[in-house]
K.L.:
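First, the structure itself, so that you have it in front of you.
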Amino acid sequence: MAENFTLVEKNDKADILIVPLIKANDDFFERLAKFFSKETADRLKRGIQNRKFSVKPNAVLELDDGERTIAVVGVSRGLSAAEALETGAFFFRQAKKLCQADVFIPKEVSSRAAEFLLGMELEAYSFDKYKTKKKSEEFSQLEQVCFCFEEGGFNPRKLEEARALAAGVRYARDLGNEPPNVLTPEAFAEDVRRLEYLGLEVEVFEPGNLAENGFSMLSAVGAASTHSPRAVVAKWKGAPSRKDYDLVLVGKGITFDAGGINLKTAAGLKDMKVDMGGAAAVIAALKVQALLKSKLNVAVVVGLAENALGSQAYRPGDILTSASGQTVEIANTDAEGRLALADCLWYAATKLKASRIVDLATLTGASANVFRGHYASIFCRDEALAEALTKAGAVSGEKLWPLPFDREFDKMVDSEIADVKQIGQGMNGSTLAACFLQRFVKDKISWAHLDIAGCETLEKARPAVPSGATGFGVRLLCEYMKSLKPF
Ligand code: BES
Ligand code: MN
Ligand code: ZN
């Protein structure tokens, strides 16, 4: 996937100069004159005065009275990472019609340069490969961007991190936006295999060896589709001398969720191609670790299947035997995600000997309805893990909200004729799904389940997040992994 634009060290006479402005005072104009030219500083000063521009966050003033366009964008001192991301999106909107842009980075906000860059990159994203007649003016023209740091502000590693993160989010969005007739479980698995060029180890299980490796419930979920299921295990070993994993990520990868025999309604089918958003996020987060040559050992397990209907479909009433030995009474074939995830969690725990697991899944309509895409729910009994993830959520703007799943709820997934019931009775569907998963994760494992339903797509674009697949979770996970100390 090509980059949106190249970051260069110097743009000779870029078409546009973007100036984040905190306060229009003499000190600022002097610094600008010193860095660029007196003419530039004077134009800016005049423009601000003539147009009575008042500096408010993301307010824009465009000046076209000279050799090149100058765009002033208001920023507040001490802006948060999430605010800086939005501001970066505004920078991109100003620059997209031109080829080359200079972005002045005043020393007061140089610590946010990486978020500015990330915001520009994420705003530049569009999924247009299936548009054969798109008008050329709809495409971004921006080819080169130069960040012009005042002395001491330049931190190349942080910019490199932002670029890798942007590539990861783009990748997750592309996977989410691909139509379900193209991104089948097989195609998804092949796409992950392509990441081997970055040094990832990738193993794919397919119908011939899926069930015998513990993915029997995933096999049942995918049985009715002509696009057969896959499980993918991908590993980044940043510390090859150690055998253990610092983190194992698990993702739900339903490439289309029709509901199965418990067929969804027409409204319910909307966006169900993005029911693999959890898998996309964890794979993309792993790609970012590889791009940055992280020192962590991280593995990913994703269960890929299409939940279709047909004579081969699993049914409500079926009893499945999971690799853990527990039998599972099926009550509703539309609760397929937890089955796929349970197999992946079991694999992570037993085959990869994970001691820390985070799973991401578009698991329940209940979570989508409560949080409306503004939060994902987090289920986690390990306080330290919950705190670290919640903090990463706040910093990245991909926010988490805790829901309970104590022992009182757990008995609600007991079955009368098997060991576990796939869905419990009650309106608290997200909690019951978490209780089900918990039956497949041993107590000693530090584990968090993130129900990202509703966060994986967006109807109306907002700064740095387009409509369609959002790539939710990639930034959250990468922020969390930055805080992770290797075992
Ligand atoms: N993929 C859906 C959950 C979902 C709904 C994600 C809306 C994103 C937006 C999941 O597989 C599902 O169908 N869940 C059912 C479970 C129910 C049948 C117990 C639900 O939550 O309604
Ligand atoms: Mn479903
Ligand atoms: Zn689903």
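Just so you know, residue 1 is the first one in the sequence shown, and it goes up from there. All ligand and atom numbering here is 1-based and tracks the order in the structure.
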K.L.:
Within the 4.0 Å heavy-atom shell around Thr362, which atoms of ligand 1 are there?
P.N.:
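Those qualifying, in numeric order: 1 (N), 2 (C), 3 (C), 6 (C).
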
K.L.:
If I consider every N, O or S atom in Asp257, which one ends up closest to the Zn ion (ligand 3)? I only need its name.
P.N.:
OD2

K.L.:
May I ask you to check whether Lys252 brings an N, O or S atom to under 2.8 Å from the Zn ion (ligand 3)?
P.N.:
yes

K.L.:
Between the Zn ion (ligand 3) and Asp275, which N, O or S atom of the residue is the nearest one?
P.N.:
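The closest N, O or S atom of Asp275 to the Zn ion (ligand 3) is OD2.
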
K.L.:
Could you check whether atom CD of Gln425 has more than 12 heavy atoms from other residues, nucleotides or ligands sitting under 6.0 Å from it?
P.N.:
no

K.L.:
I'd like to check which ligand 1 atoms, numbered from 1 as shown, lie under 4.0 Å from a non-hydrogen atom of Ala453.
P.N.:
6 (C), 8 (C)

K.L.:
In this structure, which one of Leu7, Leu291, Leu118, Asn4 forms a side chain to side chain contact (heavy atoms under 4.5 Å, CB included) with Arg163?
P.N.:
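Passing option: Leu7.
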
K.L.:
Could you go through the side-chain hydrogen bond (donor to acceptor under 3.5 Å, both in side chains) check for Ser430 and Ser377 one step at a time?
P.N.:
CA-CA 8 Å; Ser430 311; Ser377 22; 5.0 Å; no

K.L.:
Looking at the Mn ion (ligand 2), is one of the N, O or S atoms of Asp275 less than 2.8 Å from it?
P.N.:
no

K.L.:
Quick check: do Phe91 and Glu123 have side-chain heavy atoms less than 4.5 Å from each other?
P.N.:
no

K.L.:
Are the side chain of Arg173 and the backbone N or O of Leu122 linked by a donor-acceptor pair below 3.5 Å?
P.N.:
yes

K.L.:
To which protein heavy atom is atom 19 (C) of ligand 1 closest, and what is the distance rounded to 0.1 Å?
P.N.:
Ile423 CG2, 3.5 Å

K.L.:
Using the side chain to side chain contact (heavy atoms under 4.5 Å, CB included) definition, which of the options Val328, Ile330, Ile261 pairs with Asp318?
P.N.:
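Looking at Val328, Ile330, Ile261, the match for Asp318 under the side chain to side chain contact (heavy atoms under 4.5 Å, CB included) is Ile330.
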
K.L.:
Of all the atoms in ligand 1, which lie at a distance below 4.0 Å from a heavy atom belonging to Lys264?
P.N.:
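Those atoms are 12 (C), 13 (O).
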
K.L.:
So which bit of Asp334 gets within less than 4.0 Å of ligand 1, heavy atoms only: side chain, backbone, both or neither?
P.N.:
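The answer is both.
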
K.L.:
Quick one, Asp451 and Phe371 - any side-chain contact, counting heavy atoms below 4.5 Å?
P.N.:
no

K.L.:
Within the structure provided, determine whether Leu363 and Phe436 are in side-chain contact (heavy-atom separation under 4.5 Å).
P.N.:
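A side-chain contact is absent here, since even the closest heavy-atom pair is not under 4.5 Å.
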
K.L.:
Against heavy atoms of Glu456, which atoms of ligand 1 measure under 4.0 Å?
P.N.:
8 (C)

K.L.:
Check this for me: Glu186, atom CD, are more than 12 non-hydrogen atoms of other residues, nucleotides or ligands nearer than 6.0 Å?
P.N.:
no

K.L.:
Any N or O on Asn332 sitting closer than 3.5 Å to an N or O of ligand 1?
P.N.:
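No, Asn332 has no N/O under 3.5 Å of an N/O on ligand 1.
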
K.L.:
With the Mn ion (ligand 2) as the reference point, give the N/O/S atom of Asp257 that is nearest.
P.N.:
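Atom name of the closest N, O or S in Asp257: OD2.
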
K.L.:
Relative to ligand 1, is Leu363 under 4.0 angstrom through side chain, backbone, both or neither, heavy atoms considered?
P.N.:
backbone

K.L.:
Give me the residue, atom name and distance of the protein heavy atom closest to atom 4 (C) of ligand 1.
P.N.:
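Of the protein heavy atoms, Met272 CE, 3.8 Å lies nearest.
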
K.L.:
About how large, to 10 degrees, is the angle O of Asp334, then the Mn ion (ligand 2), then OE1 of Glu336?
P.N.:
70°

K.L.:
If you measure from atom 1 (N) of ligand 1 to every heavy atom of Asp451, Asp275, Asn369, which option wins on shortest distance?
P.N.:
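Minimum heavy-atom distance to atom 1 (N) of ligand 1 goes to Asp275.
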
K.L.:
Which residue holds the protein heavy atom closest to atom 17 (C) of ligand 1, what is that atom called, and what is the gap in Å?
P.N.:
Ala335 CB, 4.4 Å

K.L.:
Does an N or O anywhere in Gly365 fall below 3.5 Å from an N or O of ligand 1?
P.N.:
yes

K.L.:
Any idea which of Arg338, Lys270, Met276 brings a heavy atom closest to atom 16 (C) of ligand 1?
P.N.:
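Among Arg338, Lys270, Met276, the closest heavy atom to atom 16 (C) of ligand 1 comes from Arg338.
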
K.L.:
Assess whether atom NZ of Lys391 is packed by more than 12 heavy atoms of other residues, nucleotides or ligands within 6.0 Å.
P.N.:
no

K.L.:
Less than 4.5 Å apart, any side-chain heavy atom of Phe379 and any of Thr431?
P.N.:
yes

K.L.:
Is Gln141 atom CD crowded by more than 12 heavy atoms from other residues, nucleotides or ligands, each under 6.0 Å away?
P.N.:
yes

K.L.:
With rounding to the nearest 0.5 Å, note down the distance linking CE in Met481 to CH2 in Trp236.
P.N.:
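Spacing of CE (Met481) from CH2 (Trp236) equals 12.5 Å.
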
K.L.:
For the Zn ion (ligand 3), does an N/O/S atom of Asp334 lie at less than 2.8 Å?
P.N.:
no

K.L.:
What residue and atom, counting heavy atoms only, is the protein's closest point to atom 2 (C) of ligand 1, and at what distance?
P.N.:
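Looking only at protein heavy atoms, the one closest to atom 2 (C) of ligand 1 is Asp257 OD2, 3.6 Å.
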
K.L.:
What atoms of ligand 1 come within less than 4.0 Å of a heavy atom belonging to Glu336?
P.N.:
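Counting atoms of ligand 1 from 1, those under 4.0 Å from Glu336 are 11 (O).
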
K.L.:
What atom name does the N, O or S atom of Glu336 nearest to the Zn ion (ligand 3) carry?
P.N.:
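Going by distance to the Zn ion (ligand 3), the closest N, O or S atom in Glu336 is OE2.
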
K.L.:
Below 4.0 angstrom, N of the basic side chain to O of the carboxylate: do Asp275 and Lys252 qualify?
P.N.:
yes

K.L.:
Does only the side chain of Lys252 get under 4.0 Å from ligand 1, or the backbone, or both, or neither? Count heavy atoms.
P.N.:
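Just the side chain.
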
